[in-house]
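Chain naming here is simple, since letters A, B, ... match the order of the sequence lines and numbering starts at 1 in each. Just so it is clear, the model here is predicted, and its values are computed rather than measured.
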Amino acid sequence: MTNQSRKATIYDIARLSGTSPSTVSAALSGAWKSRRISEQKVEFIRRIAAEQGYSTNMQARGLRQAKSGLVGMIIPVHDNRYFASMSQSFESFARDRDLVPVIASSMRDADEERRIVETLISYAVDCIFVAGATDPAAITDLCTAANMRHVFVDLPGPGAPSVISDNYHGARMLTQTLLQGVQPRKLPARDRIYFIGGVATDYATARRIEGFRDVL
DNA sequence: GTATAGTTCGTATCAGTGAG
DNA sequence: CTCACTGATACGAACTATAC
């Protein structure tokens, strides 16, 4: 298609190169060896495609292959070192696999979280990673209904694989290091160790307190 | 009105084809 | 039989066309 009003497709490249759309598809998708297309023709097609500024329509590819190449991640907030680092890693891992990462934050709001899941499902992402889920059961309900693969990260979810941060052992190790062989119960009141911070009803905090107490 | 059928988008892929 | 390709088709959703 020399017409600038529309993006070139494999049909345009086929017409301009005197070949068929099947050949162009094979040549440009890298499947040309198994499709028995000559390297000469592949080079020719590639040149014309470059001239026309062709790029694959990923939505059409997704339609054909029944996978979008998109992977979703939901984190509670962006401005947090822990989740910022997590989403950065997620992006790298996704790109290494030729996937396009879509990262959204729920602001720890269950309704917002659910809306994000619905949106990711409607855009047909291939799978969803949910970090620090606010309402994991609701997420699993939505994903199960849509046959959407999902994994919980940091906090556990009941209906899907979960990769959990080990807050219990982290707290244990920290407490042990602080005490360094000291008998805590024999310490004078002013030297006692206290656990400060977190939300008691929060899963991660509860596990940390557990680890802290067990060492004491 | 409403139900159903057909077309559209761009791509990947199976099955087929003609030439050697 | 191999080689180097082509034609037909299906994917999912939105839309139009046709029949009743």
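Distance OH (Tyr11(A)) to P (dT9(C)): 12 Å, rounded to an integer number of Å. As a whole-Å value, the separation of Ile37(A) CD1 from dA12(B) C1' is 12 Å. Rounded to an integer number of Å, the gap from CZ of Phe44(A) to C1' of dA4(C) is 16 Å. For Met58(A) and dC9(B), the CE to P distance is 21 Å, given to the nearest whole Å. The nearest whole Å value for the distance from the CD atom in Gln65(A) to the P atom in dC14(B) is 12 Å. Distance, Trp32(A) CH2 to dA12(B) P: 16 Å, rounded to whole Å. Note: CD1 (Ile121(A)) to P (dA13(C)) measures 13 Å, nearest angstrom. One interatomic measurement links the two molecules: NZ of Lys33(A) to C1' of dA12(B), which rounds to 19 Å at whole-angstrom precision.
In this structure, a donor-acceptor pair under 3.5 Å is absent between the side chains of Asp12(A) and Tyr54(A).
Between Ser38(A) and dC5(C), a side-chain N or O to OP1/OP2 separation shorter than 4.0 Å is present. Within the 4.0 Å cut-off from OP1 or OP2 of dA4(C), not a single side-chain nitrogen or oxygen of Lys41(A) is found. Remark: Tyr123(A) is not in phosphate contact with dA13(C), judged by side-chain N or O atoms under 4.0 Å from OP1 or OP2. At the phosphate of dG10(B), neither OP1 nor OP2 sits under 4.0 Å from any side-chain N or O atom of Thr9(A). Arg35(A) has no side-chain polar atom (N or O) that falls below the 4.0 Å cut-off from OP1 or OP2 of dT6(C).
Atom CD of Gln59(A) has 12 or fewer heavy atoms from other residues, nucleotides or ligands within 6.0 Å.
Each of Arg64(A) and Pro21(A) has a nearest nucleotide on DNA chain C; the 5'-most of these lies closest to Pro21(A).
Arg207(A) places none of its side-chain heavy atoms less than 4.5 Å from the side chain of Ser165(A).
Between the base of dG7(C) and the side chain of Ser22(A) there is a donor-acceptor pair shorter than 3.5 Å.
Nearest nucleotide to the side chain of Ser25(A), out of dA8(C), dA12(B), dA15(B): dA12(B). Comparing dT6(C), dT11(B), dT2(C) against the side chain of Arg36(A) picks out dT2(C) as the nearest. Among dC5(C), dC14(B), dT11(B), the nucleotide with an atom closest to any side-chain atom of Arg61(A) is dT11(B). Ranking dT11(B), dG10(B), dT6(C) by closeness to the Ile10(A) side chain, first place goes to dT11(B).
In this structure, Ser22(A) OG and Ile10(A) CD1 are separated by 7.5 Å, a value rounded to the nearest 0.5 Å.
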Please assess Tyr11(A) against Arg15(A) for the test side chain to side chain contact (heavy atoms under 4.5 Å, CB included), listing each intermediate value before the final yes or no. CA-CA 6 Å; Tyr11(A) 285 99; Arg15(A) 193 168 40 75; over 6 Å; no

